[in-house]
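Let me begin by presenting the structure, written as structure tokens, before commenting on it.
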Amino acid sequence: MAAAQPKQIRLVAGLGNPGEEYENTRHNAGFRAVEELGSRLGAGYWKSQCGAKVATVKVRGAEGPVEVLLAMPQDFMNTSGGPISKLCREYRIEPEELLVVHDELDLEPGDVRVKVGGGHAGHNGLKSIINKLGSRDFTRVRVGIGMPPGRMPVVDWVLKEYRNAEMEDVRRAAVDAADAVELAIEHGVIYARDHVNGAGKPGSR
């Protein structure tokens, strides 16, 4: 069971696949959110560490300034747990101090939700993280991509590039996800979950 009030977030990991050919695919929602977060928090330098691109930023936490590690694993999605677990060991970060941003089939495109703990629901990135950490007790920011149309296989859908006409909505979702992460860091995960969930798409509040 996840803790009722998770600890201060110290590591934010966005999930995706490395390489230009995957940059504008649905599976890279986590990368886009972490890049947006890094841009707004002044992450000037990204380095390679433990198989991930990482940057350190300072954020206003619930009890004062906190140093947060931003990470984008450079393994492919289904092995992203390796770099994340290595970073957790390197920085002595517990699962309850980890927040993972990922794409979510079960949410409408552009919807953003905060979830504390839980299973992987077939998501290969989450499955890898749970296996490597030996814990489900990390927080997730889920970015909706919707279900594939017709009989399109899920793997084809998540790796399908967005059309140019969709990119503004994709950027908006990255901004909303980054907002949710900031709330979780600054005010705590439970506050972020209660504030974000049920809000629906931008403009529906």
Side-chain angles (χ1 to χ4, degrees), residues 6 8-18 22-43 46 52-57 59-61 66 68-73 77 80 84 87 97-118 120-121 123-126 129 138-147 157-162 166-205:
Q8 173 71 56
I9 296 299
R10 295 176 54 212
L11 168 59
V12 177
L15 300 190
N17 286 312
Y22 298 107
E23 187 174 344
N24 290 327
T25 64
R26 288 165 173 79
H27 232 9
N28 276 33
F31 277 10
R32 284 187 288 271
V34 167
E35 286 168 348
E36 165 65 25
L37 198 62
S39 177
R40 68 170 68 171
L41 296 177
W46 293 83
K53 283 176 64 176
V54 301
T56 302
V57 294
V59 191
R60 187 180 71 234
V66 60
V68 175
L69 192 67
L70 306 181
M72 293 181 284
M77 179 69 78
S80 52
I84 291 173
L87 287 170
E97 298 171 318
L98 166 66
L99 185 153
V100 175
V101 189
H102 65 90
D103 58 302
E104 178 59 66
L105 290 164
D106 291 332
L107 291 176
E108 289 296 313
D111 281 4
V112 171
R113 298 287 184 274
V114 178
K115 184 178 181 181
V116 184
H120 55 71
H123 191 289
N124 287 331
L126 295 180
I129 294 166
F138 53 91
T139 297
R140 305 97 187 274
V141 168
R142 307 154 69 214
V143 184
I145 61 170
M147 297 296 289
W157 177 243
V158 298
L159 296 179
K160 183 179 174 62
E161 285 199 3
Y162 285 105
E166 298 174 290
M167 289 310 296
E168 183 54 41
D169 290 338
V170 171
R171 283 188 284 270
R172 181 71 248 171
V175 168
D176 289 346
D179 288 346
V181 174
E182 280 201 273
L183 283 176
I185 295 170
E186 294 183 5
H187 300 287
V189 166
I190 300 303
Y191 176 93
R193 183 193 66 188
D194 294 345
H195 184 82
V196 172
N197 293 4
K201 293 181 179 178
S204 68
R205 278 180 272 181

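Note that the structure is predicted; figures quoted are calculated from it, not measured.
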Pairwise distance OG1(T25) to CG(L159) - rounded to 0.5 angstrom: 6.0 Å
Would you say NZ of K115 has more than 12 non-hydrogen atoms from neighbouring residues, nucleotides or ligands within 6.0 angstrom? yes
Mark yes or no for whether D103, through its side chain, and V158, through its backbone, hold a donor-acceptor pair below 3.5 Å. no
Roughly how far, to the nearest 0.5 Å, is the CH2 atom of W46 from the CG atom of L70? 4.5 Å
H120 side chain near H102 side chain, heavy-atom distance below 4.5 Å: no
I'd like to check E161 versus N28 (side-chain heavy atoms, cut-off strictly below 4.5 Å). Are they in contact? no
Sole residue of E104, R142, R140 in side chain to side chain contact (heavy atoms under 4.5 Å, CB included) with L126: R140
Which atoms form the tightest heavy-atom contact between W157 and L105, and what is the distance? CD1-CD2, 3.7 Å
What is the minimum heavy-atom distance between A178 and A33, and which atoms define it? CB-O, 4.0 Å
Do the side chains of R113 and D176 get close enough for a salt bridge, i.e. N-O under 4.0 angstrom? no
Treating N17 as the side-chain partner and M77 as the backbone partner, does any N or O pair qualify as donor plus acceptor under 3.5 Å? yes
Could you give the distance from CD (E108) to CE (M147), rounded to the nearest 0.5 Å? 10.5 Å
With a 4.5 Å cut-off on side-chain heavy atoms, are I145 and Y162 touching? yes
Would a line drawn from the ring center of H123 to the ring center of H27 be shorter than 6.0 Å? yes
If you compare all heavy atoms of V101 against all heavy atoms of A177, which two are closest, and at what distance to 0.1 Å? CG1-CB, 4.4 Å
Heavy atoms only: give me the nearest A173-V143 pair and the separation to one decimal. CB-CG1, 4.0 Å
After noting the C-alpha distance and the side-chain angles of I84 and L98, does the key distance pass the side-chain contact (heavy atoms from CB on, under 4.5 Å) rule? CA-CA 9 Å; I84 291 173; L98 166 66; 3.9 Å; yes
Decide side-chain contact (heavy atoms from CB on, under 4.5 Å) for L69 and V12; before the verdict, give the C-alpha distance in whole Å, the side-chain angles of both, and the deciding distance to 0.1 Å. CA-CA 6 Å; L69 192 67; V12 177; over 6 Å; no
Residues E36, R171: salt bridge by 4.0 Å N-O rule: no
In terms of side-chain geometry, is the basic nitrogen of K53 or E35 positioned less than 4.0 Å from the acidic oxygen of its partner? no
Could you give the distance from CD1 (I185) to OG1 (T139), rounded to the nearest 0.5 Å? 11.0 Å
Kindly write out the residues that satisfy salt bridge (charged side-chain N to carboxylate O under 4.0 Å, His left out) with R32, not counting sequence neighbours, or none if the list is empty. none
Check whether NZ of the Lys or CZ of the Arg R193 lies under 6.0 Å from the centre of the six-membered ring of Y191 and within 45 degrees of that ring's axis. no
From CD (E182) to NE2 (H187), nearest 0.5 Å: 9.5 Å
For L15 and I129, what are the C-alpha separation, side-chain angles and deciding distance, and is it a side-chain contact (heavy atoms from CB on, under 4.5 Å)? CA-CA 10 Å; L15 300 190; I129 294 166; 4.0 Å; yes
Taking every non-hydrogen atom, the tightest pair across V34 and A71: CG1-O, 4.2 Å
R60, CZ atom: more than 12 neighbouring heavy atoms under 6.0 Å: no
Within this structure, what is the CG-CD1 distance for the pair L11 and I9, rounded to the nearest 0.5 Å? 8.5 Å
Minimum heavy-atom separation for V112 to A180, with atom names? CG1-CB, 4.1 Å
